[in-house]
Number of protein chains: 2
Amino acid sequence: MEPRFVTAADVARRAGVSRSAVSRAFTPGASVAPETRARVLEAAEALGYRVNRLARTLHRDRSDLVGIIGANLGNPYISAQFDALSAALQAEGLQTLLVNLRPDPRPGAEAPDLGRAVERLLEYRVRTVVLLSGAAPDELVRLCAANGVRMVLINRPAPAAGALADVIDSDAAGGGRLAARRLIAAGCRQLAVVLSESRTSAKLARADAFCAEAARAGLTVRRWTQGPNSYETGVAAARSLLAEGDPARIDGIFGVTDEIALGAMNTARHELGLAVPERLSVIGFDDAPISGWSSHRLTTVRQSLRALTAATLEAILSPADAAVSHRAIAVDLVERGSVAPARGPAPT
Amino acid sequence: MEPRFVTAADVARRAGVSRSAVSRAFTPGASVAPETRARVLEAAEALGYRVNRLARTLHRDRSDLVGIIGANLGNPYISAQFDALSAALQAEGLQTLLVNLRPDPRPGAEAPDLGRAVERLLEYRVRTVVLLSGAAPDELVRLCAANGVRMVLINRPAPAAGALADVIDSDAAGGGRLAARRLIAAGCRQLAVVLSESRTSAKLARADAFCAEAARAGLTVRRWTQGPNSYETGVAAARSLLAEGDPARIDGIFGVTDEIALGAMNTARHELGLAVPERLSVIGFDDAPISGWSSHRLTTVRQSLRALTAATLEAILSPADAAVSHRAIAVDLVERGSVAPARGPAPT
DNA sequence: CTGTTAGCGCATTCAG
DNA sequence: CTGAATGCGCTAACAG
């Protein structure tokens, strides 16, 4: 005898009421006599009944499923972001349906693409699609909109104007400027910025603002771009930038993510024997949890996870017909041990 | 005009066929004339139709939703585990529905409990529940079984015999022994094991086996237990165990997770000024990605993520009436820089 | 307040 | 191979 899920009809039979009564007993604000509801609940309890949310969504206009698309879920900052977001959703009675964009390591497997991911989520009739990774082509945003599904883009390039997507962005430019000013104040003269080959504009914007601010101070920045957003990228950058002799004598590095910055900093310290921050100053971006660990103490531009999560939640909960919103998340600098003390007053 | 999802009826109308034909066109192996199917697919394409998986599950006996229950998703190893698992599920056409057990930080919020989490997943009619965190009381396992849902327990205490749950376990005891032997071979005589106050038996088993193996060599082990599984716990342990004077002169520490071990190691190195591995050797457990970073180089007991994921997938895909299985994952020691070289031959 | 009826979107009988 | 009919589990509009 196969065990089955109990249905409302089973409960109705046992409680001696109609199926509608059962349904109402489980619908907040429905008009049911207290005693009927009690009888129903008792029967449900005894039978082990619980509402089938999948069937329920056939009637409501929106499901309580929120699709989250992410890659790189092992990344220290992304995982923290995902953790916070899924917890927040749950507290609001929404459920997280994940699409992982991580490439399948098996031979012959095709690379997962964003289009298919969105497709998948639409098949589940999610109420919203949240993008943590990748860039959303306008066409995908329109596809979602055509199905009444809003997209929320977190630190992703904004789609064409008028497209139905909420965007939540940390102040990448402000953060880049902050980093540049701080390194300059520390007396660094030979700056470098390390970034991954990602196609998303957030990291580019961080780097660009950094360079622009340095230029204002009359400094040119060595731009090092290669590979994915990973620790290894930072390692490779440090090896290449600070290699033997280091003719340019780079003395300040801005990594566009903490992972990259940590890779660069640690390689400088432990492999190349350069003192941080005495010989080299390093700044990251994100303030991932590990950056505060005692072995790292990375000075970094913090994007508040709480603010980011709150803004995301707000966007998700906003009424379906609300206008598209653009929320900026302020950033600030967390001073730890990877940058030399400022000399004199900070530049404007 | 509200945008709506396109239904099979819409497609049928446009293609000039019945709804059933549409359904069949999207059902692999159904009997449809090639030209009808083509007409249907064309109409579907034009209209932007996609099957509603939620409605589809009303008919099938099992959904393609797999519920994953986890806390601590920011944790380096757990997040890697979750990442790998969700990617693997997806490659099999299954989708990940997450329940995050992370405590809600808002004041007055109630702590999320496992019972409610399982309840939630049953409401979504998941095909399987995978437990990455917490311990499953027998009663919950039975609850799932009563609804035809299998549970898969990863590094969790096994439920009562006969309960319908597959368990996947790394060889905790073997790992603990490995760690003890290696530290002893390095010449450590004053050992300590650091563990969190988790109620799950996996970490306890690691610690117990470590102690037992040390006892075989005539050594007693200082057992330090406190707080959650986190970096901070390792930090606190190091401060307490290695405090001024360190009368016992602890020279070998086994952290039951990499996070704890890293906290202890880094605190010893950078805060207490103890040389690792010359003065103190440290071993962790998990082989989380960060443990290999150049600033850490933590020697650790590795539980293969690939093997773990493969075993989990196998359990999930096994037929509903298959017997309960228990899969053990082998572990091995990854030698990096946190343990002094072995003196002489390794003990048996 | 209640039961009856009619869908929600889909898959699967059953005749033809 | 096809369409009509039925049911999956639930909610909502309708009379009573």
Side-chain angles (χ1 to χ4, degrees), chain A residues 2-41 43-44 47-65 122-127 147-149, chain B residues 2-41 43-44 47-65 122-127 147-149:
Chain A
E2 273 287 286
R4 283 295 71 152
F5 280 99
V6 179
T7 78
D10 299 330
V11 177
R13 208 170 305 124
R14 182 183 230 263
V17 296
S18 71
R19 292 170 215 112
S20 334
V22 177
S23 177
R24 280 192 274 260
F26 283 92
T27 305
S31 71
V32 209
E35 59 242 46
T36 332
R37 159 168 277 147
R39 265 232 306 287
V40 169
L41 292 185
L47 260 32
Y49 168 76
R50 69 210 90 240
V51 175
N52 182 337
R53 295 214 185 210
L54 266 28
R56 171 181 270 177
T57 44
L58 287 193
H59 283 267
R60 302 177 46 75
D61 49 339
R62 301 189 297 183
S63 75
D64 37 17
L65 254 27
L122 289 179
E123 287 175 5
Y124 284 99
R125 301 303 190 254
V126 295
R127 125 201 310 237
N147 288 287
V149 172
Chain B
E2 273 289 284
R4 281 299 70 156
F5 280 99
V6 178
T7 78
D10 299 331
V11 177
R13 209 170 302 126
R14 182 184 230 263
V17 297
S18 71
R19 290 167 216 115
S20 330
V22 177
S23 177
R24 281 192 272 261
F26 283 93
T27 305
S31 73
V32 210
E35 60 243 43
T36 331
R37 159 168 276 147
R39 265 233 307 287
V40 169
L41 292 184
L47 258 32
Y49 168 77
R50 70 209 91 239
V51 174
N52 181 339
R53 296 215 185 208
L54 267 27
R56 171 180 270 179
T57 43
L58 287 194
H59 285 268
R60 302 175 45 74
D61 49 339
R62 300 189 298 185
S63 76
D64 38 16
L65 254 26
L122 289 179
E123 288 175 6
Y124 284 99
R125 301 303 189 255
V126 295
R127 122 199 313 236
N147 289 287
V149 172

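Below, chains carry the letters A, B, ... as their sequence lines are ordered, and counting in each starts from 1. None of these values were measured; they are calculated from a predicted model.
In 5' to 3' order, the nucleotides of DNA chain D bounding all contacts with chain A (an atom under 4.0 Å from a heavy atom) are D:dG9 to D:dA13.
Nearest approach of B:Leu47 to B:Arg14, heavy atoms of both residues: CD1-NE, 3.2 Å.
Mapped onto DNA chain D by nearest heavy atom, B:Pro34 and A:Val6 fall at different nucleotides, with B:Pro34 at the one closer to the 5' end.
Evaluation of the side chain to side chain contact (heavy atoms under 4.5 Å, CB included) rule for A:Leu41 yields A:Phe26, A:Arg37 as partners, not counting sequence neighbours. Residues satisfying the side chain to side chain contact (heavy atoms under 4.5 Å, CB included) test with B:Ser23, not counting sequence neighbours, are B:Thr27. A:Arg62 is linked by a salt bridge (Lys or Arg N to Asp or Glu O under 4.0 Å) to nothing, counting only residues two or more places apart in sequence or in another chain. Contacts of B:Thr36 classified as side chain to side chain contact (heavy atoms under 4.5 Å, CB included), with partners at least two apart in sequence or in another chain: B:Val17, B:Val32, B:Ala33. Residues forming a salt bridge (Lys or Arg N to Asp or Glu O under 4.0 Å) with A:Arg19 (at least two apart in sequence, or on another chain): none. For A:Ala38, there are no side chain to side chain contact (heavy atoms under 4.5 Å, CB included) partners two or more places apart in sequence or in a different chain. Every side chain to side chain donor-acceptor pair (under 3.5 Å) that A:Arg50 has, sequence neighbours left out, goes to B:Glu119.
In this structure, CZ of B:Phe5 is placed 14 Å from C1' of C:dC8, rounded to the nearest angstrom. C:dC1 atom C1' lies 13 Å from atom CZ of A:Arg39, rounded to whole Å. At whole-Å resolution of the value, CZ in B:Arg56 and C1' in C:dC10 are 8 Å apart. Atoms CZ (B:Arg60) and P (C:dA11) sit 9 Å apart, rounded to a whole Å.
A heavy-atom distance below 4.0 Å to DNA chain D is reached by these residues of residues 10-27 of chain B, ordered by number: B:Val17, B:Ser18, B:Ser20, B:Ala21, B:Arg24.
Residue contacts shown for B:Thr57 are absent, as no nucleic acid heavy atom lies under 4.0 Å away. Within the 4.0 angstrom heavy-atom criterion, only backbone atoms of the sugar-phosphate kind lie near A:Thr7; the bases stay farther away.
In this structure the side chain of B:Arg56 reaches within 4.5 angstrom of the side chain of B:Val51, judged on heavy atoms.
OP1 or OP2 of C:dC10 sits under 4.0 Å from a side-chain N or O of B:Tyr49.
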